[in-house]
Amino acid sequence: MSEPVVELTGVTVSFGAGTAEARRVLDDLDLTVQRGEIVAVAGRSGSGKTTLLTLVTGLEAPDAGTISVLGRSDRLDELRWSDVALLPQSLGLLDELTIVENIALPLRLGTEQPGDDVAELMERLGIDHLADRFPDEVSLGEQQRTALARAAVVRPRVLVADEPISHQNHEWAAAMMLLVADLAETGTACLLATHNDLAFSVAQRVLFLRSGRLHDSR
């Protein structure tokens with residue numbers, strides 16, 4: 001049975017409101033993501049993909065419209081990591097923590113879920129040999145795989161990922177998307193901003209963001 005866990009209705013966001021350069025980035029946008037569904041959102045640079053993701057995580061508020069995540073429509077930024085996990089384009093790793101400490105961080109924050117085995121996740125993503133290194137001591141691709149492992153370790157109910165495989169070769173991109181698919185199989189709703197054909201092939205739906213609205217890829 002379908003179970004909507006992310007719902008956006010009539011969402012509008014404008015940049016530079018009240019100025020001559022004002023631009024409407026999202027325009028009366030609607031989106032629903034079901035439990036266990038992978039939805040990929042494509043679009044040109046500056047089309048509003050990242051803005052869409054930050055709305056779902058509560059890091060930004062719309063000018064108009066409603067957003068519901070797991071039945072909650074207020075203080076979305078206070079949802080637990082086990083509810084909504086984020087893989088930002090900036091990756092967001094903590095420089096003072098080692099790779100293994102970054103991945104295990106959500107487990108240390110008091111989540112109610114036991115989470116996956118950190119060592120197994122690291123081996124799966126080819127970063128097990130980097131456990132005691134710091135983020136600035138590994139490659140960008142390895143940092144990105146670390147950020148996905150951190151997002152996945154508690155098998156969140158919602159995964160929001162911004163260009164999650166942009167720094168990977170085909171082999172590691174495939175491994176990362178397989179992990180995303182496994183999360184979806186166990187019920188995680190996955191919303192990805194991407195332009196990668198491999199990600200499109202794994203997603204159940206591919207939507208294109210144009211002129212502030214989402215359009216079916218067909």
Side-chain angles (χ1 to χ4, degrees), residues 1-17 21-77 79 83-90 144 147-148 151-152 156-166 173 176-177 179-181 183-185 187-218:
M1 184 187 306
S2 62
E3 178 187 341
V5 292
V6 175
E7 297 178 275
L8 286 74
T9 305
V11 168
T12 297
V13 174
S14 298
F15 289 163
E21 294 79 22
R23 180 171 68 94
R24 183 164 289 189
V25 180
L26 304 180
D27 184 13
D28 197 28
L29 179 145
D30 296 332
L31 172 65
T32 299
V33 184
Q34 308 286 341
R35 181 179 183 272
E37 183 180 28
I38 303 173
V39 176
V41 177
R44 295 189 306 174
S45 178
S47 62
K49 300 189 301 298
T50 296
T51 298
L52 174 62
L53 300 191
T54 58
L55 292 171
V56 172
T57 57
L59 297 175
E60 190 172 336
D63 298 325
T66 61
I67 301 172
S68 173
V69 179
L70 301 170
R72 181 170 177 169
S73 57
D74 65 329
R75 298 186 180 276
L76 299 181
D77 60 328
L79 285 167
D83 290 325
V84 180
L86 172 63
L87 197 174
Q89 198 166 4
S90 63
Q144 191 173 50
L148 176 60
R157 297 172 69 187
V158 179
L159 170 66
V160 177
D162 196 353
E163 300 290 357
I165 54 176
S166 57
M176 292 176 73
M177 288 309 304
L179 177 55
V180 171
L183 289 172
E185 185 68 24
T188 300
C190 304
L191 179 61
L192 319 176
T194 181
H195 61 275
N196 190 287
D197 288 340
L198 180 59
F200 297 158
S201 70
V202 175
Q204 281 89 10
R205 279 193 293 153
V206 179
L207 305 174
F208 287 87
L209 186 55
R210 293 192 298 266
S211 301
R213 295 192 180 188
L214 290 168
H215 303 268
D216 196 289
S217 61
R218 290 173 295 180

Checklist entry - Ala181 and Ile38: which non-hydrogen atoms are nearest, and at how many Å? => result CA-CD1, 3.9 Å

Next on the checklist: Can you list everything that forms a side chain to side chain donor-acceptor pair (under 3.5 Å) with Thr66? Sequence neighbours excluded, please.
Outcome noted: none

Checklist entry - Under 6.0 Å from the CZ atom of Arg72, do we count more than 12 heavy atoms belonging to anything else shown? => result yes

Checklist entry - Arg213: what forms a salt bridge (charged side-chain N to carboxylate O under 4.0 Å, His left out) with it, not counting sequence neighbours? => result Asp28

Item to check | Atom pair CZ/CG of Arg157 and Leu70 - distance to nearest 0.5 Å | outcome: 4.5 Å

Checklist outcome for this item: Distance col, row Thr54:OG1 vs Asp162:CG, nearest 0.5 angstrom, shows 9.0 Å

Checklist entry - Could you go step by step and tell me if Val56 and Leu76 meet the side-chain contact (heavy atoms from CB on, under 4.5 Å) rule? => result CA-CA 8 Å; Val56 172; Leu76 299 181; over 6 Å; no

Next on the checklist: Tell me the closest heavy-atom pair linking Leu183 and Ala152, and the distance in Å.
Outcome noted: CD1-CB, 3.8 Å

Checklist entry - CG of Asp77 to CG of Leu86: how many Å apart, nearest 0.5 Å? => result 12.0 Å

Item to check | Those residues that, when tested against Glu37, pass side chain to side chain donor-acceptor pair (under 3.5 Å) (two or more places apart) | outcome: Arg205

Next on the checklist: Between Leu55 and Val13, does the side-chain contact (heavy atoms from CB on, under 4.5 Å) criterion hold? Intermediate values first, please.
Outcome noted: CA-CA 10 Å; Leu55 292 171; Val13 174; 3.9 Å; yes

Next on the checklist: Tell me if a side-chain donor or acceptor on Lys49 pairs with a main-chain N or O of Leu209 at a distance below 3.5 Å.
Outcome noted: no

Next on the checklist: Is a donor from one side chain sitting under 3.5 angstrom from an acceptor on the other, for Glu60 and Thr51?
Outcome noted: no

Checklist entry - For the atom pair OG (Ser73) and CG (Leu8), what is the distance rounded to the nearest 0.5 Å? => result 11.5 Å

Checklist entry - Can Leu79 and Val158 be said to form a side-chain contact (heavy atoms from CB on, under 4.5 Å), step by step? => result CA-CA 11 Å; Leu79 285 167; Val158 179; over 6 Å; no

Checklist entry - Passes side-chain contact (heavy atoms from CB on, under 4.5 Å), Asp30 versus Thr9? Steps please. => result CA-CA 5 Å; Asp30 296 332; Thr9 305; 3.9 Å; yes

Item to check | By side chain to side chain donor-acceptor pair (under 3.5 Å) - contacts of Thr57 (at least two apart) | outcome: none

Item to check | Atom pair CD1 (Ile67) and CD (Glu7), whose distance is rounded to the nearest 0.5 Å | outcome: 11.5 Å

Checklist outcome for this item: All heavy atoms of Pro164 vs all of Leu87, minimum pair found to be CB-CD1, 4.2 Å

Next on the checklist: Restricting to non-hydrogen atoms, name the atom on Leu159 and the atom on Ala151 that form the minimum distance, rounded to 0.1 Å.
Outcome noted: CD1-CB, 3.8 Å

Checklist outcome for this item: Between the CE atom in Met176 and the CG atom in Leu148, the distance rounded to the nearest 0.5 Å is 4.5 Å

Checklist entry - Taking only residues two or more places apart in sequence or in another chain, which ones pass salt bridge (charged side-chain N to carboxylate O under 4.0 Å, His left out) with Asp27? => result Arg24

Show me the donor-acceptor pairs within less than 3.5 Å that the side chains of residues 189-203 make with the rest of the protein, sequence neighbours left out.
unit_1	atom_1	unit_2	atom_2	d
Thr194	OG1	Asn196	N	3.0
His195	ND1	Glu163	OE1	3.2
His195	ND1	Glu163	OE2	3.2
Asn196	OD1	Leu198	N	2.8
Asn196	OD1	Ala199	N	3.4
Ser201	OG	Leu198	O	2.6

